[in-house]
Structure formats: structure tokens, C-alpha cells
Q: 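One structure, as C-alpha cells, below. Some questions next.
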Amino acid sequence: MAEKKPYYITTAIAYASGKPHIGNTYEIVLADSIARFKRFEGYDVRFQTGTDEHGQKIELKAQEKGMTPKEHVDQVAGEIKRIWDLMNTSYDKFIRTTDADHEKQVQKIFKYLYDKGDIYKSEYKGMYCTPCESFFTESQLIDGKCPDCGRPVTPAKEEAYFFKMSKYSDRLIQYIEEHPEFIQPKSRENEMMNNFLKKGLQDLCVSRTSFRWGIPVDFDPNHVVYVWIDALTNYITGLGYDLDGNHAETFHKYWPADLHLIGKDILRFHTIYWPIMLMALDLPLPKKVFGHPWLLQGDGKMSKSKGNVIYADDLVDLFGVDAVRYFVLHEMPYENDGVITWELLVERINSDLANTLGNLVHRTLSMTNKYFGGIITNTKVTESVDEELKAYTKETIKKACEAMDRLHVADALTEIFNLFKRCNKYIDETTPWILGKDESSHPRLNTVMYNLCDSIMVGASLLNSFMPETAASIANQLGTPLKDLCDLDINQFPSDHKVVEKPEMLFARLDLDEVMKKVEELSSAAEETEEYPEVEPKAEITIDDFDKIQIQVGEVLECEKVKKAKKLLCSKIRVGKEVRQIVSGIALSYKPEEMVGKKVAVITNLKPAKICGIDSQGMILAAGEDADHLSVLTLDKDMLPGTEIC
RNA sequence: CGCGGGGUAGAGCAGUUGGAAGCUCGUCGGGCCCAUAACCCGGAGGUCGCAGGUUCAAGUCCUGUCCCCGCAACCA
């Protein structure tokens with residue numbers, strides 16, 4: 001037999017700052033179903049996932065928790081791995097960027113690129129805010145001051161290493177043009193080309209000195225390797241890549257990757273930076289990068305601060321692994337974002353899993369037991385409807401494979417469930433309960449039951465990649481093993497074969513009210529442990545420092561949206577005798593007419609600046625971090641506009 | 001005039017090269033009773049965002065316009 005063709009698929013590595021939610025979890029399940037399907041098709045699959053464990057955020061997070069960064073990432077990586085396992089994902093390799101062999105290769109790669117001249121040492125020229133320990137470019141500055149804390153910044157330079165992106169950009173443009181399959185979905189390709197590549201790439205800063213938790217640049221220990229080279233290279237180091245050429249066998253076998261599966265938000269890094277790094281290393285580029293859509297809850301992207309996070313383990317507790325896998329895979333179109341709500345979840349589970357599939361298996365097995373004591377014999381008393389069912393079954397195999405080839409996972413699932421629906425229809429067409437009444441019809445009845453079991457087995461074998469537990473349960477109840485694609489065909493079900501005596505329900509129907517009750521319990525439990533906002537402490541100031549800021553009461557006289565800007569409102573505000581024009585980024589939280597008449601706190605001695613081309617003379621104070629959940633400061637008692645606040 | 005995607009039945013979505021508007025859920029009516037009040041059939045419901053244009057023929061191509069959403073910018 002010919003050697004199996006290799007297939008290498010990866011997910012993005014998860015950032016180990018906290019627990020992943022269902023949106024993150026979607027990616028690993030999607031990758032898993034593709035990996036399993038490729039194995040089913042006969043490929044020698046390698047499926048890699050892992051965690052990205054360096055960086056300042058993790059350093060800080062660990063500090064807050066009173067842990068070392070290593071302790072922190074060990075804990076989070078364990079948690080992520082637990083959830084990946086809970087979702088029943090079949091990854092072959094879980095790489096961590098803190099793995100010793102990964103770190104070693106990253107250092108070698110960095111050094112090699114430096115020696116080669118693709119990485120050069122330069123400096124970050126910019127303005128530095130000492131208390132914030134941050135650099136800003138001129139354009140980021142607010143009124144010449146730190147955009148975070150508003151304090152003065154000093155011109156400073158920080159040493160950093162840069163990667164010469166522009167050197168390779170023409171080659172990359174050519175590659176993308178010659179490989180239309182490379183960036184998926186296609187619409188994203190234009191975005192990358194027009195927004196970045198054709199505009200000209202800026203050199204990429206690839207080292208940092210502002211934090212320590214990273215892989216040290218071994219020839220310049222003040223620097224740590226910044227995320228790009230550290231994280232992206234996991235795809236090759238995880239295969240045993242060695243810069244000196246002593247690659248592990250797995251690297252020879254599996255590189256270049258067949259598919260990098262990533263969220264659409266990081267497509268840029270994977271279709272621009274990563275290919276360029278590979279070019280610099282003289283390695284072939286991955287064959288395909290697919291930026292999958294997001295799973296949104298209700299009408300917004302899930303985020304902690306919105307308090308609408310759904311975690312995979314809660315869902316699994318409530319519905320079971322396969323129901324969750326089914327939902328996320330099925331509800332996710334190829335290109336547009338998918339929506340997850342409790343109502344939709346319950347609807348899908350009831351109608352597809354319980355009614356169509358669960359009930360089909362149950363009624364089939366019940367009948368074979370009722371009429372034949374569970375023994376199925378292919379008596380070959382056929383009618384024309386049988387051929388229709390068989391043709392449909394065969395066609396489903398083909399259609400599912402085609403859909404998977406195009407990575408249209410949801411469509412493949414739909415095809416499989418259409419087969420189950422066709423089976424239900426077949427039962428109505430053949431009316432086994434009538435055949436069962438008359439002893440002389442039993443040979444025909446036997447063939448009907450045989451055909452049903454045969455098609456269900458085909459369906460279950462196809463379903464195995466998406467819902468492994470369910471497929472296994474069906475196979476178990478039918479008493480025959482699942483098949484791989486090469487053996488998958490109609491009329492392969494064994495004859496004179498005994499199925500399980502007491503069929504089990506695969507999925508119970510759910511009551512939405514009961515589910516919502518449980519959800520309430522969960523969310524109220526979560527509320528108790530809700531964290532207060534995390535605010536980075538700023539350096540202590542004196543009363544004199546504070547005194548430099550002049551805050552006054554301002555009355556909003558007029559207010560309108562700034563065209564061309566999504567978040568900006570432009571207000572005319574009375575402060576004492578004068579009326580100022582102030583632009584503020586609160587349009588997502590306030591409508592212009594809401595603002596009119598409000599008396600708000602205004603910083604009045606801020607140097608005027610232009611925002612989106614409009615003059616702004618001051619700043620309205622507001623609380624909140626998310627642009628769509630801001631609250632402007634108003635006054636408890638009525639005061640005249642212009643009154644000083646101190 | 002920064003780049004790109006989208007507006008199709010109550011909801012969620014398909015509609016490949018222009019050739020009789022589809023799917024799932026819901027809803028209404030019927031059938032069936034093996035089965036998890038499940039299954040099967042049928043009906044109602046859309047001037048395919050709006051306005052023009054090309055064509056024998058446009059959801060599908062062109063122009064203009066309104067509204068949503070990404071990316072970029074910006075958030076005083």
C-alpha cells in the first residue's frame with residue numbers, strides 16, 4: 001500500500017493570560033474536525049496546538065497573583081489543555097513557547113537572521129513616559145503628552161532590533177498572486193494586499209527591553225525576543241525544526257504546513273510576517289492560511305468586560321461535548337461570523353440532535369428489536385425506494401468530502417444530517433409498522449431495517465470527525481465498527497447481525513426554560529466571583545501636580561457626531577463666559593441629543609489639539625474603559641457653568 | 001473621497017458562469033403512530049436595502065444612494 005500522504009494542520013497558539021472562552025474553543029474544535037476528517041480520508045495527519053506564554057501581560061498578571069511567570073503559565077497552560085481535552089480534540093502535539101527546545105531554536109533563528117542582516121539593531125525613536133514605562137510615537141501623543149496618563153513625556157531612544165520586512169515584500173506579493181488559495185477566505189486577501197503590502201511594509205520591531213519575561217537574545221542579554229519570532233515559529237519548532245539542519249524526521253515529513261487555522265483578527269501576522277520570516281529562513285511557505293470567523297454572543301463579540309462570556313466547560317456541563325461541538329461547527333458559516341445564544345443552542349439540539357438523529361436511531365433500533373429480536377438479515381427483498389435511499393447515501397459521502405475540501409465544515413455537517421432526514425423519510429415511505437403486522441411481509445421488513453442500519457452506519461462514519469462520541473455510540477448500538485472513507489460504501493452492513501437490545505437515547509430534548517434556569521444559576525455564581533476592574537497604578541503625585549489640572553463645570557449647548565469618525569462627538573460647551581468646542585470619543589456610549597443640556601466635568605487647561613481635523617479645546621471626563629460603556633461625569637447638585645472643580 | 005465585506009420570508013442563512021426565488025427553525029393545515037409530543041407531506045409568508053441603467057431575460061452585471069460590519073486611523 002502506498003504511503004499515506006502527510007497533512008499538517010495547526011491552530012494559533014492560545015495566549016496564556018487567562019481561561020479561553022467558547023470563541024477561542026471554537027478554533028480548536030474546528031481544527032479537530034478537519035484533522036479527524038483528513039485522517040478519515042486516509043491522510044497521515046499531524047495536528048498541533050499549544051500556548052503562547054511570553055510577554056509583558058503575562059509578567060504583570062503573574063505579579064498580581066503573586067506568582068512567578070512560569071508558575072502562572074504552567075497553571076494557565078494546564079487549564080487550556082484541560083479544556084482542549086474536555087472538547088475531545090485529537091491534537092498530536094501541544095507546544096508551549098516556554099519549551100526548552102523551542103526557546104533554543106528561537107534564539108538560533110534570531111541570531112541567524114541578525115548575522116544575515118535581515119535583523120538589525122536600531123532604536124525606537126519616540127517619546128517616553130517614565131511612570132508608564134512606555135514608548136509612544138509622535139502621532140500617538142496627546143497634546144504632546146502621554147496618551148495614557150497625560151503626563152509630559154521626554155524624547156528618548158530605546159535600543160531595539162528590527163526585521164527588514166520590505167526586503168521580502170515583493171516576493172510575498174508575487175507569492176500571493178501566484179497562489180490564490182493561500183489566503184482564505186478570499187475577501188481577506190484584498191485587505192492584506194491593499195492595506196499593507198502595497199502600501200509598503202515598515203520594518204518590524206522584534207525585540208523588547210521593557211520586560212524580562214521572554215526568550216533572551218543570547219548575544220545581547222538586555223533584549224528579549226518579541227512575540228513575532230517567538231510565537232510564529234512554533235509551527236516549525238514543534239515539528240523539530242533545527243536551524244543547523246539537523247531537523248527531526250517529523251519536520252521533513254510535515255513541513256510546509258497544509259493549513260494554519262487562525263482567527264481572522266490575526267490573519268495579518270500569518271499572511272505577512274510569518275511568510276516573510278520563512279522566506280528569510282529559506283523555508284517553503286504554508287499552503288493555506290484560513291482566518292475563520294468569530295462566534296458572537298447575541299449581538300456583540302464576547303469579551304470579559306461585557307460580562308457575556310460563555311465558557312466551554314459550562315456548556316459541556318449543560319449540554320454535553322458533542323452537542324457543543326455540533327453547535328459551534330454547524331452555526332459557523334465559512335465567511336461570516338456566527339451567533340451563539342441559549343435559544344439557538346436549545347433549538348439546534350432539539351431539532352437536529354434529538355429529533356432528527358437521536359430519534360432516528362432510537363426508532364430504528366426499537367423496531368428491529370420489536371420485530372426481529374434485534375437480528376438484522378439482508379433478505380434482499382427490494383423496492384424502488386431502496387435505490388433512492390442508497391443513491392442518496394452514496395451522494396452524501398461525496399458531498400461531505402467536497403464540502404470539507406473547501407473547508408466548508410458547516411456544509412459538510414448539513415449534508416450528513418440531510419442523510420439522517422432522508423432515513424426518517426424512508427421509514428415513512430416503507431411503513432415498517434404495517435409490514436410488521438403481517439408475517440408474510442417480514443422478509444421485506446427485514447430488508448427495510450437492513451437498509452436503514454446500513455445508511456445510518458454510513459452517516460455515523462461520516463459524523464465521526466465532528467461528533468466522535470455520538471458516532472461511537474451509534475456504532476456501539478448497531479454493533480459494528482465505524483469505517484474510514486476507503487471502506488465506506490452502501491451495502492456493507494453485516495447480515496444476520498444482532499444490534500443492541502435496549503437502545504439508548506443519544507440526545508434528550510431540552511426545555512428552554514429549564515436551561516435558562518440553570519444558566520441563571522451559573523451566572524449568579526459567576527457574579528459573586530466577578531473581578532473589579534484592573535487598573536494599573538500610576539506613580540504617586542503631589543497636590544501640586546494635581547493642582548496643575550484645571551477642571552471646570554461645562555454645560556453642553558450643542559452636540560453633533562463627527563462625520564468620518566465612529567467614536568467622536570463634537571460638543572459646544574459653555575465654560576463660564578466662553579463657549580468651547582470639544583471633541584470626545586464617546587459616540588458609542590452617548591447620542592448627541594443625550595449630551596445636550598448635561599453639565600459635565602471638563603479639563604480646561606489642556607492644550608488645544610486637532611482630532612480628525614477638528615479643533616478641540618479641552619476634555620470631557622468620563623469613566624470606563626470600553627468605548628461603548630462610558631459614563632460621563634455629571635454633577636450631583638446644579639452648578640453654574642465655569643465653576644471650578646477641585 | 002483610506003481598504004474591504006454585507007443588506008434575500010418572522011428569525012438565521014444558501015444562491016456557482018445572468019435563464020421560472022431556495023434551505024433550516026418558527027407558523028398554519030393534513031398524514032402516521034415504529035419512535036425522544038418525535039417522524040412524513042402540504043400551505044401561507046419575500047416588489048432579493050433604495051433609485052436608475054445594460055439585456056429577450058438581473059438577487060446575479062453597471063452607475064448612483066442609504067444603512068450595517070470588519071481592517072486601518074482615531075479616542076484629548
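Labels below follow one simple rule: chain letters A, B, ... track the order of the sequence lines, proteins then strands, and each chain is numbered from 1.
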Q: Rounded to the nearest Å, what distance is computed from the CG atom of residue A:Leu365 to the C1' atom of nucleotide B:U36?
A: 13 Å
Q: Could you state the atom-to-atom distance from CD of A:Glu504 to C1' of B:A35 in whole Å?
A: 16 Å
Q: Would you mind classifying the nucleic acid contact of A:Gly618 as base, sugar-phosphate or nothing, using non-hydrogen atoms under 4.0 angstrom?
A: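 The answer is sugar-phosphate, as A:Gly618 gets under 4.0 Å only of primed atoms, P, OP1 or OP2.
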Q: Taking the C1' atom in each of B:A44 and B:A21, what is the distance between them to the nearest angstrom?
A: 16 Å
Q: The side chain of A:Thr356 lies closest to which of these nucleotides: B:U24, B:U36, B:C39?
A: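 Among B:U24, B:U36, B:C39, the one nearest the side chain of A:Thr356 is B:C39.
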Q: Counting side-chain heavy atoms from CB outward, which of B:C34, B:A35, B:C25 is closest to A:His362?
A: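 Minimum distance to the A:His362 side chain belongs to B:A35.
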Q: Tell me if the centroids of the rings in A:Phe372 and A:His442 come within less than 6.0 Å of each other.
A: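 Between A:His442 and A:Phe372, which both carry aromatic rings, the centre distance is below 6.0 Å.
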Q: Whole Å only: how far is the CD atom of A:Glu415 from the P atom of B:U24?
A: 12 Å
Q: Hunt down the Watson-Crick or G-U wobble partner of B:A51, both distances under 3.5 Å, from any strand shown, or write none.
A: B:U63
Q: Starting from the 5' end of RNA chain B, give me the residue, A:Leu344 or A:Ser584, whose nearest nucleotide shows up first.
A: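 Comparing both residues, the 5'-ward one is A:Leu344.
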Q: Give me, pair by pair, the N or O atoms of the protein and of nucleotides 28-32 of chain B that are less than 3.5 Å apart, along with how far apart they are.
A:
| unit_1 | atom_1 | unit_2 | atom_2 | d |
| --- | --- | --- | --- | --- |
| B:G31 | N2 | A:Asp428 | OD2 | 3.2 |

Q: Assuming nearest nucleotide by heavy-atom distance, tell me which of A:Arg268 and A:Glu347 is located more 5' along RNA chain B.
A: A:Glu347
Q: Does the distance from a Lys or Arg side-chain N to an Asp or Glu carboxylate O, for A:Lys502 and A:Glu504, drop under 4.0 Å?
A: no
Q: Rounding to an integer number of angstrom, what distance separates B:G7 and B:G59 when you compare their P atoms?
A: 14 Å
Q: For the aromatic rings, using the six-membered ring if either is Trp, is the centroid distance between A:Phe182 and A:Tyr175 under 6.0 Å?
A: yes
Q: Without decimals, in angstroms, what is the distance between A:Met449 CE and B:A35 P?
A: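 Nearest whole value for this atom pair: 11 Å.
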Q: Say you pick atom C1' in B:G15 and the same atom in B:C75; how far apart are they, in whole Å?
A: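 Pairwise C1' distance, B:G15 against B:C75, rounds to 41 Å.
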Q: With a 3.5 angstrom cut-off on both distances, give the Watson-Crick or G-U wobble partner of B:C71, or none if there isn't one.
A: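 Its partner is B:G2 (Watson-Crick or G-U wobble, both distances under 3.5 Å).
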Q: In whole Å, what is the span from the CG atom of A:Asp352 to the P atom of B:G12?
A: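 Roughly 18 Å, once rounded to whole Å.
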Q: Rounded to whole angstrom, note down the P distance from B:C25 over to B:C50.
A: 28 Å
Q: Given B:C25, B:A38, B:C40, identify the nucleotide with an atom nearest to the side chain of A:Asn355.
A: B:A38
Q: Take atom P in B:G46 and the same atom in B:C40, then report the distance between them in whole Å.
A: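 Result for the P pair: 26 Å, nearest Å.
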Q: Check each of A:Pro443, A:Ser440, A:Ser441 against A:Leu435 using the side chain to side chain contact (heavy atoms under 4.5 Å, CB included) test, and report the only one that passes.
A: A:Ser441
Q: As a test of understanding, state which of A:Leu329, A:Ile416, A:Leu353 forms a side chain to side chain contact (heavy atoms under 4.5 Å, CB included) with A:Met467.
A: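 Output: one option passes, namely A:Leu353.
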Q: Rounded to the Å, how far apart are A:Glu343 CD and B:U24 P?
A: 22 Å
Q: Using the P atom as the reference point in each nucleotide, state the distance between B:U36 and B:G42 in Å, no decimals.
A: 26 Å
Q: From the set B:C40, B:C34, B:C25, return the single nucleotide nearest to any side-chain atom of A:Met367.
A: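 The closest nucleotide is B:C34.
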Q: Could you measure between the two C1' atoms, the one in B:A9 and the one in B:G26, and give it in whole Å?
A: 11 Å
Q: Counting side-chain heavy atoms from CB outward, which of B:C34, B:C40, B:U36 is closest to A:Lys425?
A: B:C40
Q: Under 6.0 Å between ring centres, would you say that holds for A:His330 and A:Phe417?
A: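 No.
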Q: Considering only atom C1', compute the distance from B:C69 to B:G49 and round it to an integer number of Å.
A: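 Comparing C1' positions in B:C69 and B:G49 gives a spacing of 15 Å.
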Q: Taking pairing as Watson-Crick or G-U wobble with both contacts under 3.5 Å, can you name the mate of B:C39, or confirm there isn't one?
A: B:G31
Q: For A:Ile620, answer base if it contacts any base atom (sugar-phosphate contacts may also be present), sugar-phosphate if it contacts only those atoms, and nothing otherwise; contact means non-hydrogen atoms under 4.0 Å.
A: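 Sugar-phosphate contact only - A:Ile620 comes under 4.0 Å of backbone atoms but never of a base.
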Q: Closer than 4.0 angstrom, basic N to acidic O: yes or no for A:Arg574 and A:Glu558?
A: no
Q: I'd like to check the salt bridge (charged side-chain N to carboxylate O under 4.0 Å, His left out) partners of A:Glu181; sequence neighbours left out, ordered by chain and number.
A: A:Lys288
Q: Starting from P on B:A37, measure out to CZ on A:Arg363 and report it in whole angstrom.
A: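 In whole Å, B:A37 P and A:Arg363 CZ are 12 Å from each other.
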Q: Does a side-chain N or O from A:Arg348 land closer than 4.0 Å to OP1 or OP2 of B:U24, or not?
A: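 Checking B:U24 against A:Arg348, no side-chain N or O comes under 4.0 Å of OP1 or OP2.
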Q: Can you tell me the distance, in whole Å, between the CD1 atom of A:Ile456 and the C1' atom of B:C34?
A: 13 Å
Q: Sequence neighbours left out, what passes salt bridge (charged side-chain N to carboxylate O under 4.0 Å, His left out) with A:Lys599? Give chain and number order.
A: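 Counting only residues at least two positions away or on another chain, A:Lys599 forms a salt bridge (charged side-chain N to carboxylate O under 4.0 Å, His left out) with A:Asp638.
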Q: Has the side chain of A:Asn359 got a donor or acceptor that lies under 3.5 Å from a partner of the other kind on the base of B:A35?
A: yes
